[in-house]
Amino acid sequence: MKRIFITGFALLALFQLRAQNVPTDSTSYKSKKLKIEEVNLVSSYYTQDGDNSAVMGGRGSEHLTDIANTIDVKLVKYGETGIKHTFDIEAGIDHYTSASSDMIDLSANSSASSSDNRFYPSLTYLRENEQKGRTLGIGVSSSTEFDYQSFGGNISFSQKTKDRNGEFTARFQTFIDQLKLIEPVELRTGNEGYGSANRNTFAGTLSYTQVVNKNLQVMLIGDVISQNGYLSLPFHRVYFQDGSVHQEKMPDTRLKIPVGIRASYFAGDNIIIRAYYRYYTDDWSLKAHTADLEIPVKLNQAFSISPFYRYYTQTGTKYFKPYGEHTAADEFYTSNYDLSKFDSSFFGMGMKFTPPNGVFGFRHWNTLEIRYGHYTRTTNMTSDIISINIKYK
């Protein structure tokens, strides 16, 4: 953790030196040179516990910890014709430890699967015609860890209405993934190494945002997500009624359709009520509802709090059964409790500091935000997450 804060302070100093060259009164100035508009440094710590490990067929420790660090840099310039060009560069690295994954090899005291690192950079380019209210975007991303490699791409289009009170957005994303087929140790046939399999995801999103009046803004969101390829996880065990052990087996296609509505209501100068609802269904017979409420409250010029609560419920997929309940008559089978019937709650608090002189005295580092959340699920799983975000603007 010490290295994280040393790195953060070094970046603070670097961007503070850069900020000293920006004119004090630049509100109406549109730079034709590429300049830094915003930087976010985010660190988080996540931990969870439970006793329904999918690696062990629905029994065993789900203990996991994850430390994540990301940096997001937004660069902006205006072209000769007034077109706004935005480049969003993000890079993140996670380090996790997992008692569940450690049990892929039952005979090892501590296997290579007990911990891993994930690196995930991305680049997004936006071309905005502010006069016409039109934005075109394109982006690429990747995610790399020991047993998983993913490459992603996206394109987007946004158009504001003539009165600028509404905006329509269309977005298409694709992810091309490759998995290492790491089997439970007792199901391996030799030491010839790991095989591999492909998984593809295609997602289309349509959304519309409308400013209803000076106090209320509403967004409608709809997605269609199609997946194909190897959709199981090869190291998930499934125990049958006869005591035999098998690899998880799921269909090689999946169609997901979530739709949602988001609303923000400004209740005076110091309180915002943010609400969200989503309905989800797929062709694995899983249906789910999500309801989310967050109420940011500005206590003074420099400090605000944001209590939040999210309720989630799902029916569970038709392919799920607990430990020892599947039979040879089942075509597909899993004992992964993420696909079971459950309810969950996630609640916590955010605190945002915007000191007039900047964070740690750096004027352009204007925001420090700390968020904590606690998660509980009716399958006896709990988790906690705390994150810190420092923003330069």
Side-chain angles (χ1 to χ4, degrees), residues 27 37-44 70 72 74 86 88 90 126 128 130 133 135 156 158-161 163-169 171 205-223 258-280 289-313 344-359 363-376 384-393:
T27 54
E37 182 177 74
E38 184 176 304
V39 179
N40 284 280
L41 301 176
V42 183
S43 294
S44 67
T70 63
D72 178 59
K74 185 177 293 185
T86 302
D88 196 339
E90 183 175 357
L126 298 175
E128 182 180 0
E130 294 179 324
T135 303
S156 63
S158 297
Q159 177 65 60
K160 290 182 170 66
T161 57
D163 61 5
R164 296 298 195 269
N165 286 331
E167 184 174 24
F168 168 82
T169 300
R171 181 180 176 91
T205 302
L206 295 177
S207 66
Y208 181 74
T209 303
Q210 178 66 45
V211 176
V212 179
N213 54 47
K214 66 178 183 179
N215 299 110
L216 179 62
Q217 179 174 305
V218 176
M219 173 186 283
L220 302 175
I221 314 165
D223 298 279
V259 292
I261 181 170
R262 188 184 303 275
S264 296
Y265 182 77
F266 296 83
D269 295 332
N270 299 322
I271 299 176
I272 305 173
I273 301 173
R274 294 174 180 157
Y276 173 70
Y277 169 77
R278 188 186 79 155
Y279 172 75
Y280 169 95
H289 301 269
T290 304
D292 185 277
L293 182 66
E294 181 170 359
I295 306 177
V297 179
K298 188 173 183 179
L299 300 180
N300 56 46
Q301 183 181 2
F303 180 61
S304 63
I305 60 173
S306 301
F308 60 85
Y309 176 75
R310 184 181 71 214
Y311 175 75
Y312 175 85
T313 181
S344 71
S345 294
F346 182 60
F347 57 90
M349 177 80 73
M351 295 181 293
K352 182 182 290 186
F353 302 88
T354 54
N357 296 323
V359 179
R363 181 166 56 89
H364 288 278
W365 290 91
N366 62 357
T367 303
L368 170 64
E369 185 172 7
I370 302 172
R371 292 178 70 88
Y372 167 76
H374 177 71
Y375 175 86
T376 61
D384 296 273
I385 183 169
I386 185 168
S387 63
I388 300 175
N389 176 21
I390 303 177
K391 179 183 290 187
Y392 163 94
K393 194 172 180 64

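- Between Asn389 and Thr367 the shortest side-chain heavy-atom distance does not fall below 4.5 Å.
- The minimum heavy-atom distance between Gly133 and Arg164, with the atom names listed, is N-NH2, 3.5 Å.
- For Asp292, there are no side chain to side chain donor-acceptor pair (under 3.5 Å) partners, not counting sequence neighbours.
- In this view, Glu37 satisfies the salt bridge (charged side-chain N to carboxylate O under 4.0 Å, His left out) rule with no residue, not counting sequence neighbours.
- In this structure, the side chains of Ile305 and Leu299 come closer than 4.5 Å at one or more pairs of heavy atoms.
- The shortest side-chain heavy-atom distance between Leu293 and Tyr311 does not fall under the 4.5 Å cut-off.
- A 4.5 Å side-chain heavy-atom check between Phe353 and Val359 finds every atom pair outside the cut-off.
- A side-chain donor from one of Thr205 and Asp223 sits under 3.5 Å from a side-chain acceptor of the other.
- Between His374 and Phe347, the two ring planes are perpendicular [angle over 60°; tilted spans 30° to 60°].
- Remark: Ile370 CD1 to Ile386 CD1 distance equals 6.5 Å, nearest 0.5 Å.
- If you check the side chains of Tyr276 and Thr290, you find no donor sitting under 3.5 Å from an acceptor.
- Atom CD of Glu90 is separated from atom OG1 of Thr70 by 5.5 Å, given to the nearest 0.5 angstrom.
- Between Ser264 and Arg274 the shortest heavy-atom distance is OG-CG, 3.8 Å.
- Taken from OG1 in Thr135 to CD in Gln159, the straight-line distance is 8.5 Å, to the nearest 0.5 Å.
- Checked against side-chain contact (heavy atoms from CB on, under 4.5 Å), Glu38 has the following partners two or more places apart in sequence or in another chain: Asn40, Lys74, Lys391, Lys393.
- For the pair Lys352 and Ser306, the minimum side-chain heavy-atom distance is 4.5 Å or more.
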Donor-acceptor contacts under 3.5 Å from residues 208-216 side chains, at least two apart:
from: Tyr208; atom 1: OH; to: Gln210; atom 2: OE1; distance (Å): 2.5
from: Gln210; atom 1: NE2; to: Asn165; atom 2: O; distance (Å): 3.4
from: Asn213; atom 1: OD1; to: Asn215; atom 2: N; distance (Å): 2.8
from: Asn213; atom 1: OD1; to: Leu216; atom 2: N; distance (Å): 2.9
from: Asn215; atom 1: ND2; to: Phe266; atom 2: O; distance (Å): 3.0

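- When every heavy atom of Phe308 is checked against every heavy atom of Gly373, the shortest pair comes out as CZ-CA, 4.1 Å.
- Under the side-chain contact (heavy atoms from CB on, under 4.5 Å) criterion, Tyr280 pairs with Arg254, Lys256, Pro258, Arg278, Asp282, Leu286, Ala288, sequence neighbours left out.
- Ala302 and Pro355 make their closest contact through CB-CA, 4.1 Å (heavy atoms, listed as atom of the first residue, atom of the second, distance).
- Rounding to the nearest 0.5 Å gives a distance of 10.0 Å between OG1 of Thr376 and CG of Asp384.
- The side chain to side chain donor-acceptor pair (under 3.5 Å) test applied to Thr313 returns Asp343, not counting sequence neighbours.
- Rounded to the nearest 0.5 Å, atoms CD1 (Ile271) and NZ (Lys298) are 12.5 Å apart.
- Taking both residues in full, the closest heavy atoms of Thr354 and Gln301 are given as OG1-O, 3.4 Å, listed atom of the first, atom of the second, then distance.
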Exercise. Please walk me through it: do Leu206 and Phe168 pass side-chain contact (heavy atoms from CB on, under 4.5 Å)?
Worked result: CA-CA 8 Å; Leu206 295 177; Phe168 168 82; 3.8 Å; yes
